[in-house]
Each structure stands twice: as C-alpha cells, then as structure tokens.
Amino acid sequence: MTKRFALIGATALALMPIGAFAQPKELVLYCSVNEEWCRAQSEAFMRETGINVLMTRKSSGETYAQIKAEEGQPRGDVWWGGTGDPHLQAAQEGLTEEYQSPMLSELQPWATAQAETSGYKTVGIYAGALGFGYNSTLVTENPPACWADLLDERYAEDIQVANPNSSGTAYTMLATMVQLMGEDEAFAYLAKLHANINQYTKSGSAPIRAAATGESAIGIVFMHDAVAETVSGAPIVTVAPCEGTGYEVGSMSLIKGGPNPEAAKMWYDWALSAAAQEIGATAKSYQVPSNTSASTPPEAPKLADIKLIDYDFAKYGSSDTRAALLSRWDAEIGALPK
C-alpha cells in the first residue's frame with residue numbers, strides 16, 4: 001500500500017544542484033526497512049526539502065520483484081534499505097542506475113565496497129549481523145547458543161524464520177549456511193530444521209515479533225531486530241551463533257528511468273549523511289550506520305564481538321547464484337509437508 005504524506009515545512013534548496021531550474025515536487029520511495037523507520041525517514045526528508053514522498057514499504061525480495069516487474073516502465077525512484085544481495089542482483093540486471101554520490105568519502109569501507117562491487121549502482125547504508133532471539137520465559141534451561149542447537153527436538157514447531165523468496169533476511173540465512181557448511185550440508189541442515197519451523201513468514205522481522213509475544217519460542221532474524229524487541233520490553237535474548245554467522249550490508253539504489261531523477265539524487269545524498277542515518281535509532285532500528293560520523297546506537301550489536309564469516313556479497317548477490325539457491329530451496333525445503 002502506498003503511503004501519501006502531506007507536504008511539511010518550507011522548501012529547502014540547499015540540496016539542489018547549482019543551476020537547477022525548479023525544485024522537484026515528488027519522490028516515489030520503495031522502502032525495505034521497518035514501517036516506523038520508513039515513515040520517520042520520509043517525513044524528515046520532506047521537512048528538509050519540501051518534496052512530497054510517496055512511500056511503499058515491502059520486504060527486500062518483494063521490492064526486487066516489483067522493480068523487475070516494472071522494468072521499462074518504472075514507477076519508483078529510489079529503493080532504500082533492505083539486504084544488499086537483491087540490490088546487487090538488480091544492479092547486475094540493469095534495473096538500477098550508476099551514481100557516485102559526493103558523500104561516498106564519508107562512508108565505512110564495507111559501504112563503499114558494496115558500491116564498487118555493483119559498479120556504483122548501489123551503496124551501503126547500514127550493517128547488521130544475522131542471528132536469532134529466544135523468549136526467555138519459554139526457553140528457561142540450556143538456551144540455544146549455536147545454529148546446531150536449533151535442531152533440538154524440544155523446539156519442534158516452535159521456531160520461525162522467513163521465506164527467502166520474499167525476505168532478504170532469510171536469503172542471508174540461506175547464503176550464510178551455504179558458506180558455513182557447503183551447499184549440500186546446508187540444505188541437509190535446513191531440511192532437519194524444517195521439523196522445528198512452524199511458519200515461513202513473508203517478512204524477515206516477523207519471526208522475532210512472534211517470539212516476543214510467545215507465539216514461537218525462537219525467531220531467526222538479524223540481531224538488531226531481536227534487540228529492538230528487548231528494548232521494547234519483550235523477554236527476548238539475542239544470540240550470535242557460535243559457529244559464526246553472516247551479515248547484511250543494507251543498501252540503497254536509484255531505480256533506472258525513475259520518474260523523478262533529481263529528487264532521487266537529492267534523497268540519495270541526504271540519506272548518506274550522518275544526520276539522516278541517525279534517524280534509525282529514533283525509530284527503534286539498531287543497525288550500524290555507514291556514515292563514519294553517524295552515532296551508532298548503544299543498543300546495536302557490536303560487530304567486532306561477533307564471529308562473522310567472510311560473506312561473499314558479489315557471488316551471493318549475483319542473479320545466477322540467487323536464482324539457483326532459491327530454486328533449490330523451493331524444491332527441497334519449501335515443498336516439504338508440514
């Protein structure tokens with residue numbers, strides 16, 4: 001559903017290119033972070049620029065599918081947020097445009113590496129590690145600390161994870177398992193884990209919300225999403241799996257041929273600023289921002305303390321690899337009976 005926001009405040013021309021003839025009036029934003037952050041970011045941009053934002057919030061996989069479906073007749077201008085793998089796939093398939101923002105020099109190396117990998121068709125805006133969270137009122141003894149622990153039969157139909165076709169979080173898990181274990185071993189693990197899964201959700205963050213309410217005992221998510229539930233008062237304990245884990249570089253891309261290219265570049269540059277990136281924490285989003293001057297929320301999981309794998313973004317963000325892994329998941333995991 002598209003969210004229409006009223007024009008807020010006076011127009012600010014500071015972000016306009018020198019010599020521009022007229023102030024852009026509208027931006028169509030496809031947003032793949034949580035709804036609260038999407039709203040807060042859109043409203044802040046409107047206050048600062050006077051540009052009306054038409055925002056649609058969908059998960060990463062769904063947004064990629066929409067942009068692919070609109071190829072040649074794009075309706076969106078900017079795809080902001082969501083895991084980097086589908087952004088890289090969109091770049092490879094020519095769905096997004098090259099743009100080297102003047103803000104690149106202010107970014108963390110992992111954010112600029114994302115830009116370089118894509119031929120500057122996407123850029124990193126935040127980072128977050130994959131893990132899981134458990135409800136401490138439901139799991140009171142020998143809590144899980146490793147991926148292997150999630151196979152314990154005591155968690156039968158008591159774990160949630162998203163579907164990797166719609167969710168960037170779940171695709172990151174799939175790609176992480178393949179890189180940790182090897183492909184055949186990873187699919188064998190996922191087949192065993194299936195016995196403990198009660199639902200493959202559409203949204204990547206939905207599993208931890210289910211754990212927070214007691215609908216499930218465990219949710220497999222990015223760790224910052226688990227932290228957000230704890231901060232909100234839920235009995236959620238966040239776990240960085242002992243074997244090691246993957247991570248995301250949340251990304252942003254300009255949609256090729258979008259209807260409002262000047263407004264799109266204004267958003268792009270603004271969204272890479274420290275002030276814009278600090279909005280996330282006000283919306284209970286605890287990722288690590290990519291601007292080196294942006295304050296990292298104190299609640300954010302410390303990446304230096306987590307055993308991270310050397311995640312191959314170029315390979316697992318490629319069209320061929322993503323298509324092959326998702327096809328195999330559909331055949332071997334998604335088709336299993338419940």
Side-chain angles (χ1 to χ4, degrees), residues 32 59-65 68 81-93 110-111 113-114 117-118 122 124 126-132 146-148 150-151 159-194 197 200-205 207 219-225 239-251 253 287-288 301 303 306-334:
S32 295
S59 63
S60 301
E62 291 177 300
T63 301
Y64 162 78
K68 181 69 172 177
T83 52
D85 296 315
H87 281 267
L88 289 172
Q89 182 175 4
Q92 185 182 39
E93 295 177 354
W110 46 262
Q114 185 81 344
T117 298
S118 68
T122 193
Y126 59 79
L130 183 72
F132 53 86
C146 307
W147 292 118
L150 300 186
L151 301 182
I159 299 175
Q160 278 191 19
V161 67
N163 185 313
N165 289 284
S166 62
S167 163
T169 305
Y171 178 78
T172 300
M173 181 196 176
L174 174 56
T176 292
M177 294 305 169
V178 171
Q179 291 172 83
L180 268 174
M181 305 175 181
E183 186 169 328
D184 289 342
E185 293 81 0
F187 275 91
Y189 170 87
L190 293 171
K192 292 177 183 177
L193 182 65
H194 178 80
I197 301 297
Y200 294 101
T201 61
K202 181 180 292 186
S203 165
S205 58
I220 300 172
V221 291
F222 286 117
M223 292 169 63
H224 50 254
D225 289 328
V239 178
C242 71
E243 300 95 336
T245 192
Y247 64 102
E248 67 166 333
V249 173
S251 298
S253 305
Q287 291 90 329
V288 176
L303 298 182
I306 300 168
K307 185 178 180 181
L308 297 175
I309 65 172
D310 185 15
Y311 195 103
D312 190 338
F313 291 98
K315 178 177 180 179
Y316 291 93
S318 72
S319 295
D320 290 347
T321 300
R322 278 179 55 81
L325 287 180
L326 290 173
S327 177
R328 184 169 181 180
W329 188 92
D330 287 339
E332 298 185 18
I333 309 301

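Only heavy atoms go into these numbers, but all of them, side chains included; no hydrogens, no water, no symmetry mates.
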Ignoring hydrogens and angles, state whether a donor on the side chain of [X] or [Y] is under 3.5 Å from an acceptor on the partner side chain.
X	Y	answer
Tyr64	Glu93	yes
Thr172	Glu248	no
Asp85	Tyr311	yes

Report task. Could you walk me through whether Tyr247 and Leu303 pass the side chain to side chain contact (heavy atoms under 4.5 Å, CB included) test, one step at a time? Result -> CA-CA 9 Å; Tyr247 64 102; Leu303 298 182; 5.6 Å; no
Requested in this report: Spell out, as yes or no, whether a donor-acceptor pair under 3.5 Å connects the side chain of Gln287 to the backbone of His224.
Outcome: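 No.
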Query raised in the report: Thr117 side chain to Ala314 main-chain N or O, any donor-acceptor pair under 3.5 Å?
Result: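 Side chain of Thr117 to backbone of Ala314: no pair is present.
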Query raised in the report: Which of these, Ile333, Ile159, Leu190, sits in a side-chain contact (heavy atoms from CB on, under 4.5 Å) with Ile197?
Result: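 Exactly one candidate clears the test, Ile159.
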To the nearest 0.5 Å, tell me how far [X] [atom1] sits from [Y] [atom2].
X	Y	atom1	atom2	value
Ser32	Glu62	OG	CD	8.5 Å
Leu174	Leu325	CG	CG	5.0 Å
Trp147	Cys242	CH2	SG	10.5 Å
Thr245	Met223	OG1	CE	8.0 Å

What pair of heavy atoms forms the shortest contact from [X] to [Y], and how long is it?
X	Y	result
Lys202	Ser167	O-CB, 3.7 Å
Tyr316	Ala175	CD2-CB, 3.8 Å
Leu180	Glu243	CD2-O, 3.7 Å
Tyr189	Leu150	OH-CB, 3.9 Å
Gly244	Ile309	C-CG2, 4.4 Å
Ala162	Ser203	CB-O, 3.5 Å

Side chains of [X] and [Y] in contact at under 4.5 Å (non-hydrogen atoms):
X	Y	result
Leu88	Phe313	yes
Gln92	Ser318	yes
Phe187	Trp329	yes
Thr169	Ser205	no
Lys315	Gln179	no
Leu151	Leu193	yes

Query raised in the report: Do the ring planes of His194 and Tyr200 sit parallel (below 30°), tilted (30 to 60°) or perpendicular (above 60°)?
Result: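 Answer is parallel, since the angle falls under 30°.
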Query raised in the report: Any chance NZ of Lys192 has more than 12 other-residue heavy atoms, nucleotides or ligands included, within less than 6.0 Å?
Result: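 No - once you tally the heavy atoms of other residues, nucleotides and ligands closer than 6.0 Å, there are 12 at most.
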